[in-house]
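The block underneath contains the structure these notes are about, expressed in structure tokens.
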There are 2 protein chains.
Amino acid sequence: MTRTQQERKAETRGRLLDAAAALFASRGIDAVSVDAVAEAAGRTSGAVYAHFGSKQGLLLALLDEWKQSMLTVLFAAVAVAGEPGDQLAAVWESLAGDGAGPGRAWSLLEDELWLRASRDADVAAVLTERNAEARRITARQLAVWALRVGATPVGDAETTATLLRALLRGLELEHRVDPAAVPPATAVLGLATLLGLPPDRQADPPDSHLTTRRP
Amino acid sequence: MTRTQQERKAETRGRLLDAAAALFASRGIDAVSVDAVAEAAGRTSGAVYAHFGSKQGLLLALLDEWKQSMLTVLFAAVAVAGEPGDQLAAVWESLAGDGAGPGRAWSLLEDELWLRASRDADVAAVLTERNAEARRITARQLAVWALRVGATPVGDAETTATLLRALLRGLELEHRVDPAAVPPATAVLGLATLLGLPPDRQADPPDSHLTTRRP
DNA sequence: GCTGATATATAGTTATCGTTATCTAAATGC
DNA sequence: GCATTTAGATAACGATAACTATATATCAGC
């Protein structure tokens with residue numbers, strides 16, 4: 001089985017990036033050695049340095065090529081569910097679902113990257129750019145969605161997108177550590193409120209007691 | 001100057017914890033060596049191991065004795081400002097204020113702890129407990145505040161507290177990396193919405209255009 | 001096939017870190 | 001005052017990690 005050099009290089013690069021993504025997500029970036037990444041990719045650390053120059057270079061390359069974000073999961077969830085209220089529940093479920101599915105590991109890595117960006121200007125630059133794009137996309141989808149279901153979000157689309165994404169990230173961070181602290185109804189209520197979803201379009205009332213107030 | 005052993009021990013312990021808090025916050029836990037903590041406290045690593053047994057022990061002790069949380073800052077901010085809208089702005093300012101003040105470093109450490117808790121059961125246990133207490137306190141204060149200013153929060157006090165704290169954490173995480181992405185008006189709008197603050201009680205309208213919608 | 005180039009493997013090197021074992025000096029109790 | 005306990009200092013160990021220098025395998029062009 002003979003391949004061209006380009007193919008060989010490209011495959012190695014892909015394997016290294018995939019292995020890095022998986023390991024970084026499951027164990028945390030600092031806890032993963034370059035050798036571990038290389039071994040998981042069926043290569044050695046020499047290949048990593050030939051391709052990326054340093055561990056940081058590997059991380060930045062991974063960030064650059066990373067397509068799988070919060071967004072993909074979210075839109076998929078919305079597309080599937082029917083009623084607006086159910087869509088919000090599906091959004092939350094896709095992020096916080098108890099299955100140890102990939103969403104969990106990815107969101108963990110995303111949070112770690114945000115934290116790392118606070119101290120690493122290179123990571124911050126990449127993340128800021130990606131974030132702006134993600135916010136734009138979210139805002140556009142959100143505007144369409146609001147028209148369709150008759151919701152009146154609290155602010156303009158970009159502002160609402162910022163608030164939504166922040167709320168989701170905050171809830172998810174807490175839920176991962178202390179799931180009981182964030183029941184699904186709480187998350188859905190928060191989303192529905194920011195989105196200005198009229199009560200009659202919200203979820204069917206089996207657990208509507210969670211939206212009542214006891215002052 | 002002769003001191004009792006208890007005093008000596010207590011002072012060393014305090015100095016070590018203070019140094020650890022400052023260094024962990026500014027550089028990140030993993031990036032700080034035990035020797036660095038000891039040196040900053042005017043001691044040596046031997047003292048750390050005599051007191052805490054391990055670096056993890058130092059971290060857990062720090063967590064246990066940590067009084068300074070998001071809450072202290074928040075309530076102080078509310079207490080000072082006058083109008084409800086201004087209070088919300090003050091809350092956000094105290095978290096996101098551009099001053100490199102201690103609030104910034106502390107919130108960074110808090111976020112790192114939440115992340116670490118996802119992979120460290122001991123940290124998760126401490127954090128979960130602290131979190132439940134913080135939520136209770138927030139909920140209580142929130143109920144009082146809502147009555148006073150005539151706000152009708154979106155859910156019961158505990159639910160609203162959860163949503164508020166999650167939103168703040170998410171916004172703050174984003175703001176630290178990309179301040180321009182989270183203008184103050186956006187944060188205030190989010191808080192006011194979850195708190196059900198009537199528009200006439202919100203901030204004076206110099207920048208009220210930010211609360212209007214362009215669909 | 002042979003040569004030059006390229007991709008990856010191999011084997012260090014150096015530095016750092018957590019931890020432990022041992023030693024010293026200070027305080028306590030009799 | 002002397003023995004004992006205790007707080008903390010000192011020095012070394014062992015592991016691990018990022019990175020580098022060099023060797024080897026693989027491919028391209030002739």
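Note that the structure is a prediction, hence the values are computed from the model and not measured.
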Inset, instruction - Could you say whether A:Arg8 or B:Gly42 is positioned toward the 5' end of DNA chain D, judged by the nucleotide with the nearest heavy atom to each? - result: B:Gly42
Inset, instruction - Say whether, by atom type as modelled, one donor and one acceptor occur between the side chain of B:Glu112 and the main chain of B:Ile29 under 3.5 angstrom. - result: yes
Legend entry - Among C:dA9, C:dT8, C:dT28, the one nearest B:Gln5 by side-chain distance: C:dT28
Inset, instruction - Taking B:Arg169 for its side chain and A:Leu173 for its backbone only, find out whether a donor-acceptor pair lies under 3.5 Å. - result: no
Legend entry - B:Thr4 side chain vs B:Glu7 backbone, donor-acceptor pair below 3.5 Å: no
Inset, instruction - Could you state the atom-to-atom distance from CZ of A:Arg43 to P of D:dT26 in whole Å? - result: 11 Å
Inset, instruction - Rounded to the nearest angstrom, tell me the gap between atom CZ in B:Phe52 and atom P in C:dT20. - result: 16 Å
Inset, instruction - Would you kindly give the CZ-to-P distance between B:Arg15 and D:dA7, to the nearest whole Å? - result: 17 Å
Inset, instruction - Rounded off to whole Å, could you give me the NE2-to-C1' distance for the B:His51 and D:dA9 pair? - result: 13 Å
Legend entry - Pair B:Phe24-B:Leu58, side-chain contact (heavy atoms from CB on, under 4.5 Å): steps then yes or no: CA-CA 11 Å; B:Phe24 286 173; B:Leu58 170 62; 4.2 Å; yes
Inset, instruction - Starting at atom CZ of B:Arg13, determine the distance to atom P of D:dA7, rounded to an integer number of angstrom. - result: 12 Å
Legend entry - A:Gln6 CD to D:dA28 P, straight-line distance once rounded to whole Å: 9 Å
Inset, instruction - Please state how far atom CD in B:Glu39 lies from atom C1' in C:dG18, giving the value in whole angstrom units. - result: 17 Å
Inset, instruction - For the pair B:Arg15 (side chain) and B:Ala41 (backbone), establish whether a donor and an acceptor sit closer than 3.5 Å, ignoring hydrogens and angles. - result: yes
Legend entry - Donor-acceptor contact present, side-chain B:Thr128 to main-chain B:Ala124, <3.5 Å: yes
Inset, instruction - Name the closest nucleotide to the A:Ala50 side chain, picking from C:dT8, D:dG8, D:dA9. - result: C:dT8
Legend entry - Short side-chain to backbone donor-acceptor contact, B:Ser54 and B:Gly57, under 3.5 Å: yes
Inset, instruction - Using whole Å, report how far NZ of A:Lys9 lies from C1' of C:dA7. - result: 8 Å
Atom pairs, protein N/O to nucleotides 17-21 of chain D N/O, distance under 3.5 Å:
residue : atom : partner : partner atom : Å
D:dA18  : OP1  : A:Lys55 : NZ           : 2.7
D:dA18  : OP2  : A:Val34 : N            : 2.9
D:dC19  : OP2  : A:Tyr49 : OH           : 3.3
D:dC19  : OP2  : A:Lys55 : N            : 3.1

